[in-house]
**Student:** 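I have a structure here, written as structure tokens, and I will follow up with some questions on it.
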There are 2 protein chains.
Amino acid sequence: MASDQTRSAILAAAERLYADRGFGDVTLRDIVAEANVNLAAVNYHFGSKDELIAELFVTRSLQLNRERLRELREAEEAGNGIGDIADILRALVGPTLRGCLGPDTQHSTAARFMIRVNIESVPAIRRIRNREIDHLRKFIAAMKRTLPERSDVELYWGLHFALAMAQQTVRDTERLTKLSEGKCDVDDVDGVIDRVVRVAVMALSAGDATSKALTRAMAREAR
Amino acid sequence: MASDQTRSAILAAAERLYADRGFGDVTLRDIVAEANVNLAAVNYHFGSKDELIAELFVTRSLQLNRERLRELREAEEAGNGIGDIADILRALVGPTLRGCLGPDTQHSTAARFMIRVNIESVPAIRRIRNREIDHLRKFIAAMKRTLPERSDVELYWGLHFALAMAQQTVRDTERLTKLSEGKCDVDDVDGVIDRVVRVAVMALSAGDATSKALTRAMAREAR
DNA sequence: TTGCATTTCAAACATTTGTATGAAACTATC
DNA sequence: GATAGTTTCATACAAATGTTTGAAATGCAA
């Protein structure tokens, strides 16, 4: 086992470089230079470049999922096993947005790395991502407990849209800021989370009479 | 000018290969083999690999934007310059979803290419994408005409979320299908469009009293 | 210290990649 | 049908990249 400090140095350097410059144009030589270790060290400690990337992603992924489930548990415990739907959705999108948005994001390597993962999509990561489904099912189950009369399809679409809004906000922060000329304050993380959650809650009723009534109400207002 | 058939063959072959295998692992040699032309032909006709990719993307992008604007114009003409908000949003997300979803997607190279563009993100394309903002502003303007009393911020977020849902659906069709065990029918393109539009319309009222009332209503129902 | 396993290192390897070159083939104009 | 411009072709180039190798260094137990 020894000191492991070479291994850690590689992980840290790789995450930093990937976060800053993306997966596309960071070579092993860049990484070992940043980490001040020998070129062969990567293959010695990780086997291959892809396995290094995979380890980085898995580590951060597990952290994210742990945090999500922790918040989900909190939400359900507060309601004696039945969480408020907004809190459940907040547990789903909150950790991502809190991790990847906000003014202090510039200082968190892990955050910027996960943003990269959301923007680019390298095969080594795509393979792992497919295992995320079991994790999401836990949220579907919790949503079902809270809204038992909702059809499954509505729940799936609701979760899908919630993730869509969160991830697109992370991915396209720059475009939204430019488009809105800074009027959309993505640094107000809690505000963004509230907004996403609110829309996601509404999305869950997209097939319902209530929502159709709302749509009609808006149409009237527009006249 | 001459025949241009080499040029076209390269474009067609490149689009097909990129659509099938992604930008990451398609080399110029793969492309020229598929197109039955000489290796040097790519640099002769396009200058560089990146310019070839750029031309492919620009072509498809212009098509998409043209179609969006056509539908937007239709929507506004139907209402004497003021379109129904749902129709405006439909003009925004409809072309993308109609192009990239549905059972016949397997047969359209252009569609699969644009899906790739949504999944992967290569520098050559990212650069061009930033010019999309002017295009989106036209939709903001149309939305503003229909909902003049809405604050700009609400409009920006609404458009952002609409695109988020559409693009994530294109990007993560597979995950949604797996997660829902096929219960979410993404082949029903019109159904998906309706759903996205409906949620997007609701999102536009995320800061309003109406939506807060709806949220409260749902909370009551959940009890 | 000796011996053994782990880790580091410099160097080389083997491909793969986009691009450049210069001659040949082709095309169209006069 | 000669000439000039365009296009095609085989081949070479140069650089980059992940990986391997075998020896040197290091750590550690007996």
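Chain letters run A, B, ... following the sequence lines, proteins first and then strands; every chain starts at 1.
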**Student:** Taking the side chain of Tyr44(A) as heavy atoms from C-beta outward, which of dT7(D), dA20(C), dT8(C) is closest to it?
**Tutor:** dT8(C)
**Student:** Using whole Å, what does the distance between atom P of nucleotide dT11(D) and atom CG of Leu39(B) come to?
**Tutor:** 12 Å
**Student:** What integer distance in Å separates Leu28(B):CG from dG18(C):P?
**Tutor:** 4 Å
**Student:** Salt bridge or not for Arg98(A) and Glu71(A), using N-O below 4.0 Å?
**Tutor:** yes
**Student:** Between Arg195(A) and Glu154(B), is there a salt bridge with N-O shorter than 4.0 Å?
**Tutor:** yes
**Student:** Counting only side-chain N and O atoms of His45(A), is one of them less than 4.0 Å from OP1 or OP2 of dT8(C)?
**Tutor:** yes
**Student:** Between Arg116(B) and Asp20(B), does any NZ, NE, NH1 or NH2 come within less than 4.0 Å of an OD or OE carboxylate oxygen?
**Tutor:** no
**Student:** Can you measure Asn43(B) atom CG to dT19(C) atom C1' for me and round it to whole angstrom units?
**Tutor:** 5 Å
**Student:** Is the shortest distance from a Lys or Arg side-chain nitrogen in Arg7(B) or Glu55(B) to a carboxylate oxygen in the other one below 4.0 Å?
**Tutor:** yes
**Student:** Regarding Ala41(B), tell me which of base, sugar-phosphate or nothing describes its non-hydrogen contacts under 4.0 Å with the strands shown.
**Tutor:** nothing
**Student:** Using a distance-only criterion (donor-acceptor N/O pair, under 3.5 Å, no hydrogens), is the base of dA10(C) paired with the side chain of Asn38(A)?
**Tutor:** yes
**Student:** Measure from CG on Asp25(B) to C1' on dG18(C) and round the result to the nearest Å.
**Tutor:** 16 Å
**Student:** OP1, OP2 of dG18(C) versus side-chain N and O of Ser48(B): anything below 4.0 Å?
**Tutor:** no
**Student:** Whole Å only: how far is the CZ atom of Arg7(B) from the P atom of dT8(D)?
**Tutor:** 11 Å
**Student:** Can we say Arg68(B) and Glu132(B) salt-bridge, meaning some charged N sits less than 4.0 Å from an Asp/Glu carboxylate O?
**Tutor:** yes
**Student:** Quick check on DNA chain C: between Arg29(A) and Asn36(A), whose nearest nucleotide comes earlier from the 5' end?
**Tutor:** Asn36(A)
**Student:** In whole Å, I'd like the distance from the NZ atom of Lys49(B) to the P atom of dT19(C).
**Tutor:** 8 Å
**Student:** From CD1 of Ile10(B) over to C1' of dG18(C), roughly how many Å is that when rounded to an integer?
**Tutor:** 14 Å
**Student:** If each of Asp30(A) and Gly47(A) is mapped to the nucleotide of DNA chain D with the nearest heavy atom, which maps nearer the 5' terminus, i.e. the 5' end?
**Tutor:** Asp30(A)
**Student:** Rounding to a whole Å, what distance do you find between Ile31(A):CD1 and dT17(D):P?
**Tutor:** 11 Å
